[in-house]
Structures are given as C-alpha cells and as structure tokens.
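What you are looking at is a predicted structure, and each value in this text was computed from that prediction instead of being measured.
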Amino acid sequence: MLPSSVKAELQTHLERVKLLHQSDLKTGGGEVYLPYALARKYPQAAREWGWQYLFPAMHLSQDPRSGKTRRHHASETSLQRAVKEAVRLAGITKPASCHSLRHSFATRLLEAGYDIRTVQELLGHRDVATTQIYTHVMQEPGLGVRSPLDG
C-alpha cells in the first residue's frame, strides 16, 4: 500500500530517476536486464523508461551474464542499513528491521479489524495460516471491529 501522504515525494523521486536514466542513455547506457524471451520480443524495451527500476542503484555495475555495464536496482542491504540507522537515530533501543516493520503493519491491521484475507493478500502470503501467526501477537484483538448497531 502506498500512502497518499508520500505521493508528492514519490513524484519528485521519479523525476530525479528519470533524469538519471536520460543521463545514462546519453552516455550509451540506460539499459536494464530483461529475461531473454522478453528482450528478444521487445529489443528496445530494456532502454525504455517504463522498464527502469523505481529505486536504481547509485552506481553502474557490470552484468555478469552479458558483460554489459548497467544500472541495477538498489540493494536490499542498503535499505536494511538505512532502517537500522534510522532506528539508532530515533533512539529506539529494541531491535527493529524491515521485517519487524512488516510484522507491525500486519498486526496493526488485524487489531484495527481488517479481515485476515485482506491482510493475507497485502502481505502476499499463499496460505492464510502464515497470516494467522499475527493474531497471536495482537495486543488488543478485535478492538477495531464495531457492532453494526453502533453505526
């Protein structure tokens, strides 16, 4: 889910990423890796704006499969480090990570009364049993559910 409160910042980010892509194109780059069949069917697609990464890597790197120099996506490790640093700067002493934010999100949705199937879909769980784990850690189960008589 993308909060509407970050829409303007995301649009600004996309404008910067597009400028970076245009710069890469001018220097002969600007191509991302596409699976073979897709690259064969659409030979120009790898250079098109619509196929570029939303969060590109800061630096170009050599693709080990083709030997081409490309801009890959930002690494998961970079995001994990940024979250760890934000936790430290916020003075939070409990362990926190991207994964614990995911757990908190799911738990809060269930506490707010959201249907478990909705939460399952948002988290991308194949089996609802995986999502049901979050019901065991809820602080105040069912508080978000309101009686129809309460309007």
> Excluding sequence neighbours, so at least two apart, what forms side-chain hydrogen bond (donor to acceptor under 3.5 Å, both in side chains) with Arg88?
Replying inline: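 If we apply the side-chain hydrogen bond (donor to acceptor under 3.5 Å, both in side chains) test to Arg88, skipping adjacent residues, the hits are Glu85.
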> For Ser75, which residues count as a side-chain hydrogen bond (donor to acceptor under 3.5 Å, both in side chains) partner, sequence neighbours excluded?
Replying inline: Ser78
With [X] via side chain to side chain contact (heavy atoms under 4.5 Å, CB included) - residues at least two apart:
X	result
His99	Ser97, Arg102, His103
Ala74	Phe55
Ser23	none
Thr93	none

Distance-minimising heavy-atom pair for [X] and [Y]:
X	Y	result
Ala96	Val87	CB-CG2, 3.7 Å
Cys98	Val83	SG-CG2, 3.7 Å
Trp51	Ala45	CD1-O, 3.1 Å

Below 3.5 Å, can you tabulate the donor-acceptor pairs from side chains in residues 35-43 to any protein atom, sequence neighbours excluded?
none

Determine which pairs satisfy salt bridge (Lys or Arg N to Asp or Glu O under 4.0 Å) with at least one residue from [range], sequence neighbours left out, and list them in order.
range	answer
residues 19-28	Asp24-Arg71
residues 51-63	Asp63-Arg65, Asp63-Arg70
residues 114-126	none

Pair up each side-chain donor or acceptor in residues 1-21 with any protein partner under 3.5 Å, not counting sequence neighbours, and list the distances.
| unit_1 | atom_1 | unit_2 | atom_2 | d |
| --- | --- | --- | --- | --- |
| Thr12 | OG1 | Ala8 | O | 3.1 |
| His13 | NE2 | Leu54 | O | 2.8 |
| His21 | ND1 | Gln52 | OE1 | 3.4 |
| His21 | NE2 | Arg47 | O | 2.9 |

>> My understanding is that only residues two or more places apart in sequence, or in another chain, count here; which of them pass salt bridge (Lys or Arg N to Asp or Glu O under 4.0 Å) with Lys84?
In response: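 Scan of Lys84 (salt bridge (Lys or Arg N to Asp or Glu O under 4.0 Å), adjacent residues dropped) gives none.
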>> Main chain of His125, side chain of Gln120: is a donor-acceptor contact present, judged purely on distance under 3.5 Å?
In response: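 Present.
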>> Taking Tyr53 as the starting point, is it possible to reach Leu34 by hopping between hydrophobic residues whose side chains are less than 4.5 Å apart?
In response: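 Yes, same cluster.
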> Given the rule that I, L, V, M, F, W and Y join up when any side-chain heavy atoms are under 4.5 Å apart, are Val128 and Phe105 in one cluster?
Replying inline: yes
> Given side chains that start at C-beta, do those of Leu109 and Leu122 come closer than 4.5 Å, heavy atoms only?
Replying inline: yes
> Could you state the interatomic distance from OH (Tyr33) to NE2 (His72), rounded to the nearest 0.5 Å?
Replying inline: 10.5 Å
